[in-house]
Trainee: 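Quick one: the structure is below, questions incoming.
Model, not experiment: these values are computed from the prediction.
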Amino acid sequence: MKYFNLYSNIFLTKGANRILISDLQRNNSELQSLELNDIIEELKSNSIEEVFAFYDEESKEIAQEYLDFLLEKEYGFITAGNWDKNFPPLSLEYVDYNKTSNLFMERNELIIPIKLLQSIENLQIPHLVIYCNGKPSLNEFLKLDADFENSTVETIEIFAPYHAAIDENYIKHLSENTSRMYNLVFYNCHKKPFKVEDIFRFNLLFTSQDLKINSCGKVDLKYFDTNIMKVLEAVNHNSCLHKKIGIDIHGNIKNCPAMHNSFGNINNTTLEEAILHKDFKKYWNLTKAEIEVCKDCEFRNVCTDCRAFTEQTHKNNEGLDISKPLKCGYNPYTNRWDEWSTNPLKQKAIQNYGL
Amino acid sequence: MEAATDYVCMWLDFYKATFTRLNGEDLFTLKGLGSLPKNEDVAMVWYRRKVASFPTRYKLKKENFDNQYVMDRFLNNEYDVLHNHLCYLIDKQKWLNDPATEDKLNKLSVLFLAKKLGLNIPHTEVLTDKRSLIELMQIYPQLIVKPLSECVLFSDNDGAYFKMLTEVISIRNIKAVPETFFPSLVQQGINKKFELRVFYLAGVFYAMAIFSQENKKTVSDFRNYDDKRPNRTVPYILPYEIENKLSHLMTALSFETGSIDLMVDREGNYYFLEINPEGQFGMVSHPCNYYLEREMAKVLTNKCSA
């Protein structure tokens with residue numbers, strides 16, 4: 001007898017009508033039928049010969065094709081006599097030495113007050129994202145980067161409006177004199193100042209879109225990313241808010257600047273104090289398996305989620321919003337992607353948020 | 001600088017351990033011997049590796065290939081004396097691995113020590129002529145040649161690199177072998193099912209299977225990477241008796257940590273290949289989700305408080 005062993009880093013997410021096969025080693029995912037999922041399930045408790053015996057002559061061919069597919073994709077291997085029990089399942093544990101991993105701020109300028117710098121240092125936050133309303137000068141950029149010299153900050157992402165001073169020299173100077181800039185997006189830019197080549201230390205994007213803080217939260221295939229750490233975080237935690245801190249334009253400390261609930265203002269509360277608030281982490285462990293509709297979606301473990309803008313239809317008994325993200329146009333029951341903003345069922349929520 | 005070490009340091013912070021990280025590069029800005037770590041201040045040492053590369057390359061005034069080579073070797077020796085001084089500054093028993101054993105580890109003797117302790121090893125010979133090679137081929141039709149020491153990287157004048165890797169010798173390519181040659185390590189080729197890379201840490205084995213056979217490109221050495229379809233690497237549990245024998249081997253070498261290479265043949269036999277006491281564990285930790293950086297920090301923290 002022969003046995004099919006699925007490699008433990010092949011991660012299956014079953015949706016209402018399809019499955020998503022995520023290859024956690026090769027960092028890609030593909031959609032497949034529930035029929036394939038059934039065969040994989042049967043192969044877990046039966047030999048290949050036994051599984052084939054379940055099928056009549058015609059279907060046997062299909063079963064063989066599925067098996068060939070699994071082997072061709074190197075999703076598993078065959079052993080004789082029994083499954084190889086020396087291959088344990090992959091641990092789904094997700095742990096992180098950081099208390100928080102990400103600080104998302106909406107600000108009018110890039111310069112960060114000293115008190116806040118101190119909190120970032122105390123909490124050892126590795127990733128900063130700043131959505132800036134004002135037009136930052138070159139010196140502001142340089143000061144921001146220099147303020148984090150010798151700190152635990154690894155990356156800084158900036159979204160800022162484009163203005164005429166930003167030209168190739170400006171960007172070159174930034175690239176040569178900063179070390180933590182990771183991603184720069186200049187919005188409201190109707191004519192790119194120069195041809196962007198991949199020669200800078202950071203990713204660079206000029207977009208004509210007028211980005212707003214409430215432009216965030218769109219759920220789309222292009223944002224889905226198969227990456228073992230991301231997937232394991234999503235299996236255990238909320239992929240949008242886990243270990244995240246937000247600060248809105250008024251200095252209010254929140255889970256995300258676009259959310260309503262505030263845990264104090266940076267003028268009178270430190271970030272360290274805010275995250276100790278009993279409700280600060282309440283969304284951190286809300287997984288997609290607990291969110292309405294998403295719980296039946298095959299993309300739930302690669303999805304970015306959004307708790308700031310939802311369809312506002314369901315709350316769980318702890319009062320957490322467990323509604324589907326508002327800006328998701330996917331329906332796992334029909335497997336169709338439609339434009340979310342024109343969906344009549346979403347109009348009430350869209351109005352509530354003033355989008 | 002070195003990612004796995006960075007992570008171990010972050011986890012040490014997480015466990016509120018007090019520690020100093022000394023990079024090999026730091027010795028180039030040393031402010032006197034007095035600034036080296038002092039025995040009484042240190043409870044535990046984890047030695048990861050010497051240095052990635054010297055921060056400055058010292059060139060001769062007049063270019064001369066041979067002298068440059070002598071010079072580079074001289075500087076390496078100079079560096080080594082300073083570096084090895086650390087091993088004497090701090091008591092031997094405070095090192096996670098005994099640095100002296102680690103330094104003079106001999107691949108060939110480790111193989112025979114493993115065999116003595118009951119582990120299978122591929123039939124191993126050192127040969128110097130074609131005739132003996134052909135004789136050995138009568139018993140083992142497939143042989144492999146690999147360095148007794150470590151693989152090196154050759155480069156040509158155009159800056160292209162040539163990796164030295166394990167090569168297979170059989171009747172098909174014996175023609176290319178000269179009549180006599182430099183003493184070379186020759187081993188029985190194993191018809192492998194998969195390779196195992198095992199990280200050993202304070203009595204616990206973290207094993208990863210590497211399926212390289214699937215992919216023709218990497219049949220003899222998994223370091224021949226294929227970027228598009230990298231070899232499958234998945235967690236693995238060693239049989240108890242293999243773990244037991246490996247434990248004896250690690251104890252005999254007084255290693256608390258190390259990376260062990262094994263191979264499993266088509267019949268399911270385990271073959272011991274080698275130990276790298278400075279072994280990297282990032283390549284096992286991440287794909288298997290073992291959090292070895294955390295485990296390392298835990299072991300170091302616990303040993304200090306014990």
Trainee: Applying a criterion of heavy atom separation less than 4.5 Å, what residues of residues 83-95 of chain A form contacts with chain B?
Mentor: D84(A), N86(A), F87(A), P88(A), L90(A), S91(A), L92(A), E93(A), Y94(A), V95(A)
Trainee: Looking at CD of Q25(A) and CG of N231(B), how far apart are the two atoms once the value is rounded to the nearest 0.5 Å?
Mentor: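 One gets 8.0 Å once the value is rounded to the nearest 0.5 Å.
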Trainee: For K115(B), does the NZ atom have more than 12 heavy-atom neighbours from other residues, nucleotides or ligands under 6.0 Å away?
Mentor: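 Count not over threshold, so no.
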Trainee: First locate atom CZ of F14(B), then atom CD of Q124(A), and finally report the distance between them rounded to the nearest 0.5 Å.
Mentor: 11.0 Å
Trainee: Among P235(B), C288(B), A209(B), A207(B), which residue has the highest count of heavy-atom pairs closer than 4.5 Å to chain A?
Mentor: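 The candidate making the most pairs under 4.5 Å is P235(B).
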Trainee: Does the gap between the ring centers of F211(B) and Y7(A) come in under 6.0 Å?
Mentor: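 Ring centroids of F211(B) and Y7(A) are less than 6.0 Å from each other.
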Trainee: Just checking I199(A): does its CD1 atom have more than 12 heavy atoms from other residues, nucleotides or ligands closer to it than 6.0 angstrom?
Mentor: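 Yes, because the 6.0 Å sphere around CD1 of I199(A) holds more than 12 heavy atoms from other groups.
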Trainee: For F54(B), is the CZ atom crowded, meaning more than 12 foreign heavy atoms sit under 6.0 Å from it?
Mentor: yes
Trainee: I want to check something: taking the side chain as every heavy atom from C-beta on, are Y97(A) and Y7(B) in contact at a cut-off of under 4.5 Å?
Mentor: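 The answer is yes, as the side chains (C-beta and beyond) meet within the 4.5 Å cut-off.
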Trainee: Counting only heavy atoms not in K282(A), do more than 12 fall under 6.0 Å of its NZ?
Mentor: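 Yes, the 6.0 Å shell around NZ holds more than 12 heavy atoms from other groups.
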Trainee: What I'd like to find out is whether the side chain of P230(B) reaches to under 4.5 Å of the side chain of R26(A), using heavy atoms alone.
Mentor: yes
Trainee: Counting only heavy atoms not in K2(A), do more than 12 sit closer than 6.0 Å to its NZ atom?
Mentor: no
Trainee: Which bit of P287(B) is near chain A, if near means a heavy-atom gap under 4.5 Å: side chain, backbone, both or neither?
Mentor: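 Contact with chain A involves the backbone of P287(B) alone.
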Trainee: Is the shortest side-chain N to carboxylate O distance from D23(A) to R232(B) below 4.0 Å?
Mentor: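 R232(B) and D23(A): salt-bridged.
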Trainee: For K38(B), I'd like to know if atom NZ has over 12 heavy atoms of other residues, nucleotides or ligands within 6.0 Å.
Mentor: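 Check passes, neighbour count above 12.
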Trainee: Can you tell which part of Y291(B) gets under 4.5 Å to a heavy atom of chain A, answering side chain, backbone, both or neither?
Mentor: side chain
Trainee: What are the two closest non-hydrogen atoms of L232(A) and N289(B), and how far apart are they?
Mentor: CD1-ND2, 3.2 Å
